[in-house]
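Step one of this worksheet: look at the structure below.
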Amino acid sequence: MRRQIVDAGFCRASLEENERGVSRIAFWESAGGSSKPAGLAARLKKYFDSDNVDFSAVKLDLGDATKFQRKVFAITRKIPYGETRTYGWIARKLKTSPRAVGQALKKNPVPVIIPCHRVVSSEGVGGYSGGLDLKVKLLKLEGALE
DNA sequence: TCATTCAGCGTAT
DNA sequence: ATACGCTGAATGA
């Protein structure tokens, strides 16, 4: 398993990948520091620099995700950069409830690559496991939010 | 147009 | 069996 740190100004991210694919991304607050991104890490960095980076081909290792969660993740990955969908929109596609969708998204092990921040509530932005402020920042970064 | 309520469904316990 | 959410629709004022 390989682990890299991406420094992105308003936050830092750790990126883990193994032979099966990317397994986890986690964020934390940043206050300086350094790293040398390469490969996918470089693309993540580019994304944080406000570029439209396409992660749709990135291989993922979803680990212990349930079947339902995988379905939600698959749909979420197809939401284009700069666009949003509602929990209800995904729920209708899967014939389930919006709440169940939120539950599943909360378990997303690889934010950004699976863009769960693009899934918002019908009124407002909804929640985010990495902190609501980060969700808002990502959406603004993509121009999906004023 | 708000503010509450509650239906609905996957998970955790 | 039961309680809880990254919700949303219905209800009531």
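Here the structure is a predicted model, which means the values were calculated and not measured. Letters go in sequence order (proteins before strands), and every chain restarts at 1.
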Rounded to the nearest 0.5 Å, what's the gap from CZ on A/Phe27 to OH on A/Tyr128? Could you check? 5.0 Å
Please report the distance, rounded to the nearest Å, between NZ in A/Lys67 and P in B/dC9. 19 Å
Out of B/dG10, C/dC6, C/dG8, whichever nucleotide has its closest atom nearest the side chain of A/Tyr87: C/dC6
Considering only C/dG8, B/dC9, B/dG10, which nucleotide approaches the side chain of A/Ser97 most closely? B/dC9
Expressed in angstrom and rounded to an integer, what is the separation of A/Arg92 atom CZ from B/dA7 atom P? 20 Å
Got A/Pro80 and A/Arg85 here, is their nearest side-chain heavy-atom distance under 4.5 Å? yes
If you check every side-chain atom of A/Lys106, which of C/dC6, C/dG8, B/dC9 has the closest atom? C/dC6
Distance between the P atoms of C/dA3 and B/dC6, in whole angstroms? 16 Å
Rounded to whole Å, CZ of A/Phe68 lies from C1' of C/dG5 at a distance of 12 Å
Any side-chain N or O of A/Thr86 less than 4.0 Å from the OP1 or OP2 oxygen of C/dT7? no
Counting any heavy atom closer than 4.0 Å, what does A/Lys135 reach on the DNA or RNA strands: base, sugar-phosphate only, or nothing? base
Donor-acceptor check, side chain of A/Lys71 to backbone of A/Leu94, threshold 3.5 angstrom: yes or no? no
Atom-pair distance (OH on A/Tyr128; C1' on C/dT7), nearest Å: 18 Å
Whole angstroms only, please: what is the CD-C1' distance between A/Gln103 and C/dC4? 7 Å
As its Watson-Crick or G-U partner within any shown strand, both distances under 3.5 Å, C/dC6 has none
If the cut-off is 4.0 Å, is A/Ser122 near the phosphate of C/dG8, judged by side-chain N/O to OP1 or OP2? yes
Grab the CG-P distance between A/Leu94 and C/dG8 for me, whole Å please. 14 Å
So, is A/Lys107 close to the B/dA12 phosphate, meaning a side-chain N or O under 4.0 Å from OP1 or OP2? yes
Closest approach of A/Val119 and A/Thr86, non-hydrogen atoms and distance? CG1-C, 4.0 Å
Could you state the atom-to-atom distance from CG of A/Leu132 to P of C/dC6 in whole Å? 11 Å
Residue-phosphate contact under 4.0 Å: A/Ser121 side-chain N/O, C/dG8 OP1/OP2: yes
Identify whether any heavy atom of A/Ser129 sits under 4.0 Å from a base atom; if not, whether one sits that close to sugar-phosphate; answer base, sugar-phosphate or nothing. base
note: A/Ile90, atom CD1; B/dC9, atom P; distance rounded to Å ~ 17 Å
Derivation of the side-chain hydrogen bond (donor to acceptor under 3.5 Å, both in side chains) call for A/Gln103 and A/Tyr87: CA-CA 10 Å; A/Gln103 291 276 34; A/Tyr87 296 98; over 6 Å; no
